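Bear in mind the structure is a predicted one, so any value in this text is a computation, not a measurement. Values below: all heavy atoms of this structure, side chains included; hydrogens, waters and symmetry mates excluded.
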Amino acid sequence: MNFLRNLVAVFVTTLVLGSTPGLAASPVEAGKVFVGPEGEEVAVVPLAPRSNKKYLLRVQGTGSEIDGKVLPFELNDSSSMSSEQHSYKTQWRGRGYTVLYMRNSKYELYVPGRGKEIRVTFDEKRSKALDAEDVYDLHQKQKKDGTVAKLMAFDRKGEIAKQEKDYVTHVQDANTACGTSLAAAIDWTSINDEQLKELSISSYCEAPLASLKQLCTVSNVAKQTVKEKLKQVSCRFGNALEPKVEGDKLIWTTSRDASNQQEFATKFFKTNL
């Protein structure tokens, strides 16, 4: 008799506590969907508990690299007494990246490859139809197959290729103005990942090229001098702005804190060429 009474007690306690096997708590809470003027969409799904301010966002319809990807985000609250401001931030190619920003109940969507924000508004119908667990399951799948890690990791090779493309344009402009065939290159071994993440390396390295272009454009004497004395340009990062000429090669050493580089380069060329 005591055994039966204890068994009933255990059963009742199980029901009260909601710990029936198979009824595990959902890893996500109900989400919201925001839409843009041209079919852009972002689903915002809070991870449980919502108080931890961890979210999953799924972007669609933007034509960007993150379409269809479900990345993890943190909600940053930078509100003040006069305004409400929230930003949903993730890691993209090794950098902190805000995809969704809210200011005073107005939302803006930012995606790679589109320089301008996309205004989005809350869509009640799509929000009700959103299956938050489907979004979570897709995130788990993309974590497992390496998609998430690949998108969040720093892509040094890709960053270098992008910076090289910008630099080549400046090299071509200088060669056109000076009538030269300068072989110019950036010494990437002198540039660490943090510098590559934070700085426009091509902007630092373009200064001497922009100076040469200007000198050759305004002076035929300068143009002839450059043609005779310079064949190579190498740009590298160091501790200070310290250019030098070795034979027919300009070694342009620059640094994070270097300023007025084009002006400095012009003075250097007038003295050293």
Side-chain angles (χ1 to χ4, degrees), residues 42 56-74 87-100 109-118 138-176 181-210 212 231-243 249-258 261-262 265:
V42 55
L56 299 176
L57 267 64
R58 182 192 64 196
V59 174
Q60 298 183 112
T62 68
S64 74
E65 287 183 84
I66 62 174
D67 273 11
K69 311 301 189 299
V70 183
L71 300 177
F73 287 77
E74 282 195 21
S87 57
Y88 295 81
K89 196 169 186 178
T90 189
Q91 283 286 311
W92 174 253
R93 304 300 189 200
R95 295 181 176 89
Y97 191 84
T98 295
V99 170
L100 188 63
L109 177 64
Y110 295 86
V111 296
R114 291 180 63 163
K116 192 174 182 182
E117 74 280 0
I118 303 167
L138 180 56
H139 173 65
Q140 294 301 312
K141 177 179 179 296
Q142 292 176 350
K143 277 179 65 178
K144 188 175 180 179
D145 66 21
T147 298
V148 171
K150 183 178 179 181
L151 293 175
M152 296 180 72
F154 180 59
D155 179 12
R156 181 177 176 89
K157 185 181 292 187
E159 288 291 335
I160 288 176
K162 184 169 65 175
Q163 299 273 3
E164 287 275 15
K165 187 176 179 181
D166 293 338
Y167 185 62
V168 166
T169 300
H170 299 301
V171 176
Q172 291 172 342
D173 288 346
N175 277 327
T176 298
S181 299
L182 293 173
I186 298 172
D187 180 1
W188 293 107
T189 63
S190 70
I191 299 165
N192 62 40
D193 285 354
E194 292 308 309
Q195 290 169 327
L196 193 50
K197 288 178 188 179
E198 298 172 13
L199 305 175
S200 172
I201 304 300
S202 61
S203 296
Y204 279 77
C205 290
E206 75 167 286
L209 299 169
L212 290 174
K231 303 298 180 186
Q232 303 175 72
V233 176
S234 175
C235 178
R236 66 183 307 279
F237 266 62
N239 296 322
L241 185 54
E242 297 175 334
K249 182 177 182 179
L250 167 67
I251 300 175
W252 181 258
T253 302
T254 185
S255 72
R256 175 190 290 271
D257 299 323
Q261 292 191 83
Q262 186 175 334

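Figure legend: K197 and F154 shown as a cation-pi pair, the cationic atom lying under 6.0 angstrom from the six-membered ring centre and within 45 degrees of its axis.
H139 places a side-chain heavy atom less than 4.5 Å from the side chain of P72. The shortest side-chain heavy-atom distance between E117 and L109 does not fall under the 4.5 Å cut-off. L250 has its side chain out of reach of Q232: every pair of non-hydrogen atoms, C-beta onward, lies at least 4.5 Å apart. W252 has its side chain out of reach of L209: every pair of non-hydrogen atoms, C-beta onward, lies at least 4.5 Å apart.
In this structure, NZ in K150 is found 8.5 Å from CG in D155, a value given to the nearest 0.5 Å. The NZ atom of K143 sits 10.0 Å away from the CE atom of M152 when rounded to the nearest 0.5 Å. Note: D67 CG to Q60 CD = 7.0 Å, rounded to the nearest 0.5 Å. Of the inter-residue distances, the one linking L71 atom CG with I66 atom CD1 reads 6.5 Å to the nearest 0.5 angstrom. For the atom pair OH of Y204 and CD1 of I191, the computed distance is 11.0 Å after rounding to the nearest 0.5 Å. The distance from atom NE2 of H170 to atom CD of E206, rounded to the nearest 0.5 Å, is 3.5 Å.
R93 and E65 are joined by a salt bridge, as a carboxylate oxygen and a charged side-chain nitrogen come within less than 4.0 angstrom of each other. A salt bridge is defined here as a Lys NZ or Arg NE, NH1 or NH2 lying under 4.0 Å from an Asp or Glu carboxylate O, and R256 with E194 fails to meet this definition.
The two atoms that bring L182 and V171 nearest to each other are O-CG1, 4.0 Å, heavy atoms only. The shortest non-hydrogen separation linking A265 to A207 is CB-O, 4.3 Å. Contact record, C235 with T254: SG-CG2, 4.4 Å, taken as the closest heavy-atom pair. Between A184 and Y167, the shortest heavy-atom contact is CB-OH, 3.6 Å. For the pair L196 and R95, the tightest heavy-atom approach, listed with the atom from each and the gap, is O-NH2, 3.0 Å.
Proximity of a side-chain donor or acceptor of Y110 to a complementary backbone N or O of K116 within less than 3.5 Å is not detected. The backbone N or O of V111 sits less than 3.5 Å from a side-chain atom of Y97, completing a donor-acceptor pair. With Q163 contributing its side chain and I201 its backbone, the two residues share a donor-acceptor pair below 3.5 Å. Panel note: side chain Q195, backbone N192; a donor-acceptor pair is recorded below 3.5 Å. Remark: the backbone N or O of S202 is not paired with any side-chain donor or acceptor of D166 at under 3.5 angstrom. A donor-acceptor contact shorter than 3.5 Å is absent between the side chain of T98 and the backbone of L100. The backbone N or O of G68 sits less than 3.5 Å from a side-chain atom of Q142, completing a donor-acceptor pair. A donor-acceptor contact shorter than 3.5 Å links the side chain of S190 to the backbone of F237.
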>> I'd like to know whether T147 forms a side-chain contact (heavy atoms from CB on, under 4.5 Å) with K69, so could you lay out the CA-CA distance, the side-chain angles of the two residues, the decisive distance to 0.1 Å, and finally the verdict.
In response: CA-CA 8 Å; T147 298; K69 311 301 189 299; 3.8 Å; yes
> Going through the checks in order, is the side-chain contact (heavy atoms from CB on, under 4.5 Å) test met by Y88 and V99?
Replying inline: CA-CA 6 Å; Y88 295 81; V99 170; 5.7 Å; no
>> For R236 and I251: C-alpha separation, side-chain torsions, deciding distance, then whether side-chain contact (heavy atoms from CB on, under 4.5 Å) applies.
In response: CA-CA 8 Å; R236 66 183 307 279; I251 300 175; 4.1 Å; yes
>> If you apply the rule side-chain contact (heavy atoms from CB on, under 4.5 Å), what do you find for R58 with V42, and how did you get there?
In response: CA-CA 6 Å; R58 182 192 64 196; V42 55; over 6 Å; no
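A donor-acceptor pair shorter than 3.5 Å can be found between the side chains of W188 and E164. For the 3.5 Å distance criterion, the side chains of S234 and D187 fail to qualify, holding no donor opposite an acceptor. Counted by atom type alone, S255 and D257 present zero donor-acceptor pairs between their side chains at under 3.5 Å.
Around the NZ atom of K89, the shell of radius 6.0 Å holds no more than 12 heavy atoms that belong to other residues, nucleotides or ligands. Atom CG of N239 sits in a sparse spot, with 12 or fewer heavy atoms from other residues, nucleotides or ligands closer than 6.0 Å.
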